[in-house]
Protein chains: 2
Amino acid sequence: MATMTAAQRREAAKAAFDDYMAVCPAHQLLDVLGTKWASMVLTNLADGPRRYAELTRAIPGASAKMLTQTLRSLERDGFVVRSVTPAVPVQVEYALSVLGEKVLPVLTHVQDWANAHIVQIQAARERYDNQ
Amino acid sequence: MATMTAAQRREAAKAAFDDYMAVCPAHQLLDVLGTKWASMVLTNLADGPRRYAELTRAIPGASAKMLTQTLRSLERDGFVVRSVTPAVPVQVEYALSVLGEKVLPVLTHVQDWANAHIVQIQAARERYDNQ
DNA sequence: CCGCATCCTTGATGATACTG
DNA sequence: CAGTATCATCAAGGATGCGG
């Protein structure tokens, strides 16, 4: 409408933008991988399937709650497969799915770049902080 | 010490792990790129330098505060260069640094993968949610 | 035009205790 | 062993108003 106020126009633009953001694939992926523990879990599972307690030990920084939450999220997105073996007590194993294997190269690509340029980043930080 | 309790041992492990995490280059990078607006800003600057107000219009979803915060963070890490032109009123221009140009391929790599696999991810989500 | 300071709300994270 | 439930905390994000 031509009678929209500036504020209304801004709000409309923001709403449209939010819609776009919500479906932007890249952003969805970064949201998952950027999570505090997701990359850690994926990297761990890259070596092979792991049981819940093994992951707990491998990633001491994550609380049980966060580990579970991360695993659920990765499972939901189809990166990780959870399989339960009936026994006493039950055994639960987490493994990468095919999709999970496929996302690994993206992760290592990021890691390689980070390792190669972290020195420059830290130098930039010191320059910035020292004035 | 051999006299450590289990709780103490866990705490020590966690502290060591936190130290490791703090210096893990990949995680530092993901922390920045995983930020709500960082990738958006970088993608925008990929087309050329932009003034503050231009970025505000290009990214209506970000509040002024968040945009500034994001730009400061990117500037600190050396991805973005901020240049002020004395005038009335002052003009501020943001541009990618050499390092910023170099990180772009990583970003597009993520984007390409996300675009190629978003369908599978969404399918997995529906499967997971529908039971 | 650019952007800092302030206040406020909300979601993410974590510690702890408990269950099948 | 493999979680869930609850409560507490804290930082991120956002709205608003002011200053250079």
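Proteins come first, then strands; the chains are lettered A, B, ... in the order of their sequence lines, and each starts at number 1. When reading the values below, keep in mind they use all heavy atoms of this one structure, side chains included, and skip hydrogens, waters and symmetry mates. In this text the structure is predicted, and so the values were computed from the model without any measurement.
Applying the 4.0 Å criterion to OP1 and OP2 of D/dT4, one finds that A/Y52 has every side-chain N and O outside that range.
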>> Please determine whether side chain to side chain contact (heavy atoms under 4.5 Å, CB included) holds for the pair A/I118 and B/Q28, giving the CA-CA distance in whole Å, both sets of side-chain angles, and the decisive distance to 0.1 Å.
In response: CA-CA 9 Å; A/I118 187 66; B/Q28 287 184 65; 3.9 Å; yes

> Passes side chain to side chain contact (heavy atoms under 4.5 Å, CB included), A/V110 versus B/L30? Steps please.
Replying inline: CA-CA 8 Å; A/V110 173; B/L30 273 178; 4.2 Å; yes

> What do the steps show when you test B/V81 against B/L96 for side chain to side chain contact (heavy atoms under 4.5 Å, CB included), and what is the final call?
Replying inline: CA-CA 6 Å; B/V81 176; B/L96 288 183; over 6 Å; no

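Within residues 35-51 of chain B, the residues that place at least one heavy atom under 4.0 Å from DNA chain D are, in residue-number order, B/K36, B/W37. Annotation: proximity of residues 70-87 of chain B to DNA chain C (heavy atom, distance under 4.0 Å) is found for B/R72, B/R82, numbered in ascending order.
The separation between B/Y94 atom OH and C/dC2 atom P is 9 Å, rounded to whole Å. In this structure, A/Q69 atom CD and D/dT4 atom C1' are separated by 13 Å, rounded to whole Å. Between A/D31 atom CG and D/dA12 atom C1' the separation is 13 Å, expressed in whole Å. A straight line from NZ of A/K65 to C1' of D/dC10 spans 13 Å, rounded to a whole angstrom. Between the CE atom of B/M66 and the P atom of C/dT10 there is a distance of 16 Å, given to the nearest Å. Between B/E93 atom CD and C/dG3 atom C1' the separation is 17 Å, expressed in whole Å. Taking atom CG of residue B/L67 and atom C1' of nucleotide C/dC2, one finds them 11 Å apart after rounding to whole Å. If you take CG of B/L55 and C1' of C/dG3, they are 13 Å apart, rounded to a whole angstrom.
Each end of the helix from C/dC1-D/dG20 to C/dG20-D/dC1 gets its own axis from five base pairs, and the two axes differ in direction by 50°, given to 10 degrees.
Among residues at least two apart or in separate chains, there is no side chain to side chain donor-acceptor pair (under 3.5 Å) pair with a member in residues 95-106 of chain A. Annotation: side chain to side chain donor-acceptor pair (under 3.5 Å) contacts involving residues 73-83 of chain A, sequence neighbours excluded, comprise A/R76-B/D129, A/D77-B/R125, A/R82-A/Y94. Listed by first then second residue, pairs satisfying side chain to side chain donor-acceptor pair (under 3.5 Å) with a partner in residues 45-71 of chain A read A/Y52-A/T68, not counting sequence neighbours. Applying the side chain to side chain donor-acceptor pair (under 3.5 Å) rule to pairs touching residues 105-119 of chain A yields A/H109-B/H109, sequence neighbours excluded.
In this structure, A/S39 contributes its side chain and A/T35 its backbone to no donor-acceptor pair below 3.5 Å.
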Please write out the pairs of protein N or O atoms and N or O atoms of nucleotides 17-20 of chain C separated by less than 3.5 Å, giving the distance to one decimal.
none

